[in-house]
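One structure is given below, represented as structure tokens, and several questions about it will come after.
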Amino acid sequence: MATIKAVRGTRDLLPPDTNLWNHVEATARSVFARYGFGEIRTPIFEATELFARGVGEETDIVSKEMYTWEDRGRAESDRGQSLTLRPENTAGVVRSYIEHGMAETGMLEKLFYIGPQFRRERPQRGRYRQFWQIGAEVLGPPWSGSDSALRDAEVLEMLATLLNELGVKGWRLALNSVGSAEDRQRYSAALRDALAPVKDKMCPDNQRRAETNPLRVLDSKDPNDQEIIDGLPKIADFLSEDSRTHFEQVKAALDACGVAYAIEPRLVRGLDYYTRTTFEFTVPDGSGLGTQNALLGGGRYDGLSEMLGGPKTPGIGFAIGEDRLILTLRAQAAEQAAKKLDAFIAPMGVAQNPGALKLAQELRHAGLSVEVGDGSFRLRKSFDAADKLARKMIIFGEDEVTSGILTVKDFSKGEQEKIAREELAAALKN
RNA sequence: GCGGCUAUAGUUCAGUGGCAGAACGCCGCUCUGUGGCAGCGGAUGUCGUGGGUUCGAACCCCACUAGCCGCCCCA
């Protein structure tokens with residue numbers, strides 16, 4: 001009979017890998033807490049319309065990558081509703097913000113999330129159909145200071161701190177401003193005009209983009225088209241006074257904090273809701289990501305709340321590709337020191353099993369990590385198992401029970417000592 | 001969604017038309033309370049799935065599925 005396997009583009013995360021996942025998430029939580037972020041958990045599926053309106057009907061994500069189905073509820077109210085597994089989390093967070101009237105506090109909200117997202121793409125290294133994002137959003141009514149450049153810089157500085165604390169090497173921050181929605185509109189029109197006479201000479205992909213989304217032409221990697229692209233109008237020339245000032249303020253604050261960045265006029269992000277500041281953190285070749293070298297991306301989305309029918313709520317946020325972060329850490333890290341248990345108890349004979357379990361209970365209650373072997377194991381087998389799992393092995397046999405003195409082998413030193421049972425927990429902590 | 005490469009033991013892989021293999025790992029014994037070394041023995045398996053060619057297919061052909069690499073796009 002055919003065995004059932006994890007569906008394409010999904011995978012199991014197993015120990016010891018999950019240790020690294022937990023480490024990454026714990027570090028992120030710790031950093032976020034220091035910057036005043038609280039955790040939000042939104043549903044894994046939402047009304048399809050949320051993403052259509054928020055992320056943008058024309059984006060690849062919405063037009064061809066979503067897992068969407070029609071609900072079959074009994075109630076008239078939910079029958080036939082179109083639902084979608086979330087392809088990203090920002091729209092859900094903003095929906096929740098509006099729904100719970102968080103704007104009414106007049107305060108800035110700082111929210112972070114960690115969770116799976118779903119996109120139906122061709123799987124590849126660093127790209128899965130169920131993938132994890134660690135993200136955060138800063139949002140609030142305009143009078144909360146949510147549109148201040150200070151917040152952009154704070155978020156970027158926080159990301160630099162997080163990557164450094166995780167030990168990511170060689171990261172690079174690419175920064176750009178795509179301007180307000182109006183700036184973008186004008187720039188897009190200018191690009192279309194500039195491309196019209198020359199697009200026939202470009203590759204088919206770029207010809208298509210010139211029509212549908214001219215900003216994306218800037219991203220093109222096609223070497224033959226670079227000359228044309230270099231000659232296109234620059235976004236910087238289309239920024240309004242406000243947008244320009246805002247961008248300058250972001251840069252000034254980053255300079256003050258010593259966060260290095262590279263201005264990249266061609267950095268255009270694909271989601272429709274981005275305005276003004278956009279950014280991306282990449283890692284160098286050889287960091288385990290292949291061509292998917294974007295570790296995280298984000299930007300400002302001053303109009304998103306209104307697109308979803310909410311009050312004017314400027315915001316800025318980012319999403320880290322946790323799968324990619326893990327790949328990078330694994331590729332960059334020298335041999336990961338395997339986490340070992342504090343002790344392995346080897347009962348000598350099945351008659352000692354109950355007593356061995358009792359000893360394990362005592363040690364575990366004392367805060368130690370302990371595994372128990374089985375009395376049927378030969379001593380040699382116990383040694384083999386213990387050496388793989390634990391730093392020390394406790395021999396638990398008749399002699400030890402009657403004398404109350406336990407034999408403890410320390411694998412790192414290769415030494416063996418006798419320790420009284422009352423002192424065992426304390427001794428194992430060293 | 002498009003193109004290329006790949007799929008054999010738990011793992012890494014060899015085998016390119018004639019008995020299904022190696023290394024590591026696993027289990028047992030030498031060796032019933034002192035292992036890791038060594039020696040001996042053992043199990044590894046629908047050769048990704050289905051079909052075709054052939055006296056005979058892991059090997060050649062077709063389809064499918066999955067993985068990897070690139071494109072598109074994105075985290």
Between Arg300(A) and Asp152(A), does at least one N-O distance fall below 4.0 Å, as a salt bridge requires?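 Answer for the salt bridge query: yes.
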
Taking any heavy-atom pair under 4.0 Å as a contact, classify Tyr128(A): base, sugar-phosphate, or nothing.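 Counting heavy atoms under 4.0 Å across all strands, the contact made by Tyr128(A) includes a base.
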
Going 5' to 3' through nucleotides 31-36 of chain B and flagging B where a protein heavy-atom sits under 4.0 Å of the base, S where only the sugar-phosphate is that close, and - otherwise, we get BSBBBB

Looking at RNA chain B, which of residues 316-326 of chain A put a heavy atom within less than 4.0 Å of it?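 Nucleic-acid contacts, sorted: Ala319(A), Gly321(A), Arg324(A).
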
SB check Arg95(A) Glu99(A) (cutoff 4.0 Å):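 Looking at Arg95(A) and Glu99(A), the cut-off is met.
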
Ring-ring centroid check Tyr187(A) Phe238(A), cutoff 6.0 Å: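 Yes - the distance between ring centres of Tyr187(A) and Phe238(A) falls below the 6.0 Å cut-off.
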
Could you check how far CZ of Arg11(A) sits from P of rA66(B), rounded to whole Å?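 After rounding, the reported distance stands at 17 Å.
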
Who is the Watson-Crick or G-U wobble partner of rC74(B), with both distances under 3.5 Å?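 With both distances under 3.5 Å required, rC74(B) matches none.
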
Lys/Arg N to Asp/Glu carboxylate O, Lys358(A) vs Glu362(A), below 4.0 Å: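 Counted as a salt bridge, because a side-chain N and a carboxylate O are separated by less than 4.0 Å.
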
Asn176(A) side chain vs Leu267(A) backbone, donor-acceptor pair below 3.5 Å: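 Yes, the answer is positive, given that a donor and an acceptor are paired below the 3.5 Å cut-off.
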
Could you state the atom-to-atom distance from CG of Asp374(A) to P of rC27(B) in whole Å?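 One finds 14 Å between P of rC27(B) and CG of Asp374(A), rounded.
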
Look for any protein N or O under 3.5 Å of an N or O in nucleotides 1-7 of chain B and output each such pair with its distance, or none.
| from | atom 1 | to | atom 2 | distance (Å) |
| --- | --- | --- | --- | --- |
| rG1(B) | OP1 | Arg120(A) | NH1 | 3.3 |
| rC2(B) | N4 | Arg122(A) | NH1 | 3.1 |
| rG3(B) | O6 | Arg122(A) | NH2 | 3.4 |

Which whole-number value in Å describes the distance from Leu267(A) CG to rC73(B) P?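 These atoms are roughly 14 Å apart.
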
Please state the C1' separation for the pair rG42(B) and rG17(B) - nearest whole angstrom.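 Here rG42(B) and rG17(B) have their C1' atoms 32 Å from each other.
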
So, Arg11(A) and Asp323(A), do they make that salt bridge, N to O below 4.0 Å?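 Salt bridge present between Arg11(A) and Asp323(A).
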
Asn293(A) CG - rG70(B) P separation (whole Å):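 My rounded result for the distance is 10 Å.
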
Length of the line joining Phe377(A):CZ and rC27(B):P, which is rounded to integer Å: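 Those two atoms, CZ and P, are 9 Å apart.
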
Does rC74(B) have OP1 or OP2 sitting under 4.0 Å from an N or O in the side chain of Arg216(A)?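 Yes, within the criterion.
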
Pairwise P distance for rA58(B) and rG50(B), with rounding to whole Å: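 Taking atom P in both rA58(B) and rG50(B), they lie 13 Å apart.
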
Tell me which of Ala294(A) and Gly9(A) sits closer to the 5' end of RNA chain B, going by the nucleotide each one is nearest to.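 The residue whose closest nucleotide sits nearer the 5' end is Gly9(A).
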
Electrostatic pair Asp387(A)-Lys409(A), nearest N-O below 4.0 angstrom: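 No.
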
Under 3.5 Å: donor-acceptor pair, side chain of Thr18(A), backbone of Trp21(A):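 Checked: no pair found.
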
Could you tell me which residues satisfy side-chain contact (heavy atoms from CB on, under 4.5 Å) with Ile228(A), sequence neighbours excluded, listed by chain and number?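 Partners of Ile228(A) under the side-chain contact (heavy atoms from CB on, under 4.5 Å) test: Val198(A), Lys201(A), Met202(A).
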
Please work out which residues in residues 40-50 of chain A have a non-hydrogen atom less than 4.0 Å from an atom of RNA chain B and list them by number.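 Going residue by residue through residues 40-50 of chain A, none turns out to have a heavy atom under 4.0 Å of RNA chain B.
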
Presence of salt bridge, Lys110(A) and Glu154(A), under 4.0 angstrom: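 Lys110(A) and Glu154(A): salt-bridged.
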
Taking pairing as Watson-Crick or G-U wobble with both contacts under 3.5 Å, can you name the mate of rA7(B), or confirm there isn't one?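 rA7(B) is paired, partner rU65(B).
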
rU16(B) to rC31(B) separation - C1' atoms, rounded to the nearest Å: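 Their C1' atoms lie roughly 46 Å apart.
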
Compare every heavy atom of Met393(A) with every heavy atom of Ala386(A), then report the nearest pair and how far apart it is.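 Result for this residue pair: CB-SD, 3.5 Å.
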
Would you mind classifying the nucleic acid contact of Gly126(A) as base, sugar-phosphate or nothing, using non-hydrogen atoms under 4.0 angstrom?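 Base: the residue Gly126(A), judged by heavy atoms under 4.0 Å, touches a nucleobase.
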
So that I can tick it off, tell me whether Glu137(A) and Arg151(A) are bridged by a salt bridge, with the cut-off set at under 4.0 angstrom between side-chain N and carboxylate O.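 Answer for the salt bridge query: no.
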
Has Thr282(A) got a side-chain atom pairing as donor or acceptor with Asn293(A)'s backbone, closer than 3.5 angstrom?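 No, because the side chain of Thr282(A) does not come within donor-acceptor range (under 3.5 Å) of the backbone of Asn293(A).
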
Hunt down the Watson-Crick or G-U wobble partner of rU54(B), both distances under 3.5 Å, from any strand shown, or write none.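 With both distances under 3.5 Å required, rU54(B) matches none.
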
Pairs meeting criterion ring pair (Phe, Tyr, Trp, His ring centres under 6.0 Å) with involvement of residues 282-307 of chain A, two or more places apart: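 Only Tyr273(A)-Tyr301(A) qualify under ring pair (Phe, Tyr, Trp, His ring centres under 6.0 Å).
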
